[in-house]
Amino acid sequence: MAVAVVTGGTRGVGAGIARAFLRSGARVVVCGRRPPEAPVTAAGREAHYLPLDVRDAQAGEELCARVVGEHGALDVLVNNAGGTPYRPLAEGGAHHHARVVELNLLAPLHLSRAAHTHMRQQSGGGAIVMVGSVSGGRPSPGTAAYGAAKAGLENLARSMAMEWAADGVRVNTVVLGMARTERTELHYGDAEGVAAVSATVPMGRLAEPDEVGDACVFLASDAARYISGASLAVHGGGERPAFLQAANVNKP
């Protein structure tokens, strides 16, 4: 039975990822700065919570060692914790933007290194999945530091994949578009606003957290045993180019 750690796994997309791994039969550890309001459960099984501020590299090392000590292995790490407030670059202090990069790029780097220390000693190696964002592949006004960090995260994953392949450790990225969570209305407004945003997605809706989880389970599974250094887009078909909306041709 695989042992999976999901950072930021107590709510939102992270909880969906944790549920997907529970359904796959894995023993799941979710971590975050605060415990979940309710246990994360699926298929009659429950994820184990451990506290962690992912920006604390030493604490990350201790968590990985604890997971191995208590469960006997660390097979999968999903670096899901992240996010950013809306903040134009000209606003806020330098430390505000630096903390966004720290959370979304440096924290996954340090925690992945801590997990790799244990994975490389296991006969089956391990799998690391980064949760990236479409913001890393296009301009991200208002969240520029976040977009830059997510772009760096994909590059980091590809470098890790090359360096750690000989250790049996695979590293991939899920490139996430917009997802429906308990905080969706804070970002997009009321039901009408959510519907309007959903209409911009080719598939006509936002991703469900468990669908993101299914993609992570695939990348961590034996079905993806020859996949490393890849970026898997989970965005419902992408973003319609603005010029198509502006052009006065072929409109229904």
Residues at least two apart in sequence or cross-chain that pass ring-ring contact (aromatic ring centres under 6.0 Å, His included) with His71, listed by chain then number, are none
Smallest heavy-atom separation, Ala215 atom then Val174 atom, equals CB-CG2, 4.2 Å
Note: with side-chain heavy atoms under 4.5 Å as the link, the other cluster members for Leu89 come out as none
**OP:** Check the pair Phe21, Val78 against side chain to side chain contact (heavy atoms under 4.5 Å, CB included), reporting the backbone distance first and the verdict last.
**Re:** CA-CA 10 Å; Phe21 275 99; Val78 182; 3.8 Å; yes
Establish whether Val76 and Val131 are linked, either directly or via other cluster members, by ILVMFWY side-chain heavy-atom contacts under 4.5 Å. yes
Rounded to the nearest 0.5 Å, the CG atom of Leu77 sits from the OG1 atom of Thr7 at a distance of 6.5 Å
Hits for side chain to side chain contact (heavy atoms under 4.5 Å, CB included) against Ser133, two or more places apart or cross-chain, chain-then-number order -> Ser135, Tyr146, Lys150
Residue set satisfying side chain to side chain contact (heavy atoms under 4.5 Å, CB included) with Val134, at least two apart, ordered chain then number -> Arg138, Val175, His235, Glu239
Residues passing the side chain to side chain contact (heavy atoms under 4.5 Å, CB included) test with Met1, sequence neighbours excluded, are Arg27, Arg45
Is Tyr49 reachable from Val54 through a run of hydrophobic residues whose side-chain heavy atoms are each under 4.5 Å from the next? no
Looking only at heavy atoms, the pair that brings Gly92 and Arg87 closest together is CA-CD, 4.0 Å
Within the 4.5 Å heavy-atom criterion, are Arg170 and Asn172 side-chain neighbours or not? yes
Exercise answer: donor-acceptor pairs, residues 30-42 side-chain atoms, under 3.5 Å, sequence neighbours excluded:
none

Below 3.5 Å, can you tabulate the donor-acceptor pairs from side chains in residues 9-16 to any protein atom, sequence neighbours excluded?
none

Between side-chain atoms of residues 220-228 and protein atoms elsewhere (two or more places apart, or another chain), which donor-acceptor pairs fall under 3.5 Å?
{"from": "Ser221", "atom 1": "OG", "to": "Phe218", "atom 2": "O", "distance (Å)": "2.7"}
{"from": "Ser221", "atom 1": "OG", "to": "Ala223", "atom 2": "N", "distance (Å)": "3.2"}
{"from": "Arg225", "atom 1": "NH1", "to": "Asp222", "atom 2": "O", "distance (Å)": "2.7"}
{"from": "Ser228", "atom 1": "OG", "to": "Val171", "atom 2": "N", "distance (Å)": "3.1"}

Counting only pairs under 3.5 Å, give me each side-chain donor-acceptor contact of residues 195-209, with atom names and distances, residues two or more places apart or in other chains.
{"from": "Ser198", "atom 1": "OG", "to": "Val194", "atom 2": "O", "distance (Å)": "2.8"}
{"from": "Thr200", "atom 1": "OG1", "to": "Val197", "atom 2": "O", "distance (Å)": "2.6"}
{"from": "Arg205", "atom 1": "NH1", "to": "Glu211", "atom 2": "OE1", "distance (Å)": "3.0"}
{"from": "Arg205", "atom 1": "NH1", "to": "Glu211", "atom 2": "OE2", "distance (Å)": "3.4"}
{"from": "Arg205", "atom 1": "NH2", "to": "Glu211", "atom 2": "OE2", "distance (Å)": "2.8"}

### Query
Between Arg55 and Arg99, does a side chain to side chain contact (heavy atoms under 4.5 Å, CB included) hold up when you go through it step by step?
CA-CA 9 Å; Arg55 290 169 293 198; Arg99 283 182 66 81; 2.6 Å; yes
Asp210 and Ala20 have their tightest heavy-atom pair at O-CB, 4.3 Å
Worksheet entry | His110 side chain vs Ala107 backbone, donor-acceptor pair below 3.5 Å | no
inquiry  = Under 4.5 Å between side-chain heavy atoms, counting indirect links through other Ile/Leu/Val/Met/Phe/Trp/Tyr residues: same cluster for Val28 and Leu219 or not?
reply    = yes
Distance-only donor-acceptor hits, side chain of residues 56-63, under 3.5 Å, sequence neighbours excluded:
{"from": "Asp56", "atom 1": "OD1", "to": "Gln58", "atom 2": "N", "distance (Å)": "3.2"}
{"from": "Asp56", "atom 1": "OD1", "to": "Ala59", "atom 2": "N", "distance (Å)": "3.1"}
{"from": "Gln58", "atom 1": "NE2", "to": "Glu62", "atom 2": "OE2", "distance (Å)": "3.3"}

TODO: Report whether Trp164 and Leu111 are members of the same hydrophobic cluster (ILVMFWY, side-chain heavy atoms less than 4.5 Å apart, transitive linking).
DONE: yes
Exercise. Transitively linked via ILVMFWY side-chain contacts under 4.5 Å: Leu22 with Val3?
Worked result: no
**Prompt:** Heavy atoms, side chains only, cut-off 4.5 Å: are Leu156 and Leu105 in contact?
**Reply:** yes
Minimal heavy-atom distance between Ala81 and Gly8, with the atoms involved, is CB-N, 3.8 Å
Tell me which donor-acceptor pairs under 3.5 Å the side chains of residues 117-129 have, and how far apart each pair is, sequence neighbours excluded?
{"from": "Thr117", "atom 1": "OG1", "to": "Arg113", "atom 2": "O", "distance (Å)": "3.1"}
{"from": "Gln121", "atom 1": "NE2", "to": "Thr117", "atom 2": "O", "distance (Å)": "2.9"}
{"from": "Gln122", "atom 1": "OE1", "to": "Leu74", "atom 2": "N", "distance (Å)": "2.8"}
{"from": "Gln122", "atom 1": "NE2", "to": "Leu74", "atom 2": "O", "distance (Å)": "3.2"}
{"from": "Gln122", "atom 1": "NE2", "to": "Gly125", "atom 2": "O", "distance (Å)": "2.8"}

In short, Ser112 meets Asn79 closest at the heavy-atom pair OG-ND2, 2.9 Å
Tightest non-hydrogen contact, residues Gly132 and Thr173, listed as N-CG2, 3.8 Å
With sequence neighbours left out, the residues meeting side chain to side chain contact (heavy atoms under 4.5 Å, CB included) with Glu70 are His48, Arg66
When rounded to the nearest 0.5 Å, the distance separating CD of Glu102 from NE2 of His97 is 14.5 Å
Any side-chain heavy atom of Leu153 sitting closer than 4.5 Å to one from Pro108? yes
Step-by-step side chain to side chain contact (heavy atoms under 4.5 Å, CB included) determination, Leu232 to Val234:
CA-CA 6 Å; Leu232 176 61; Val234 181; 4.3 Å; yes
For the residue pair Thr84 and Asn104, confirm or rule out a side-chain donor-acceptor distance under 3.5 Å. no
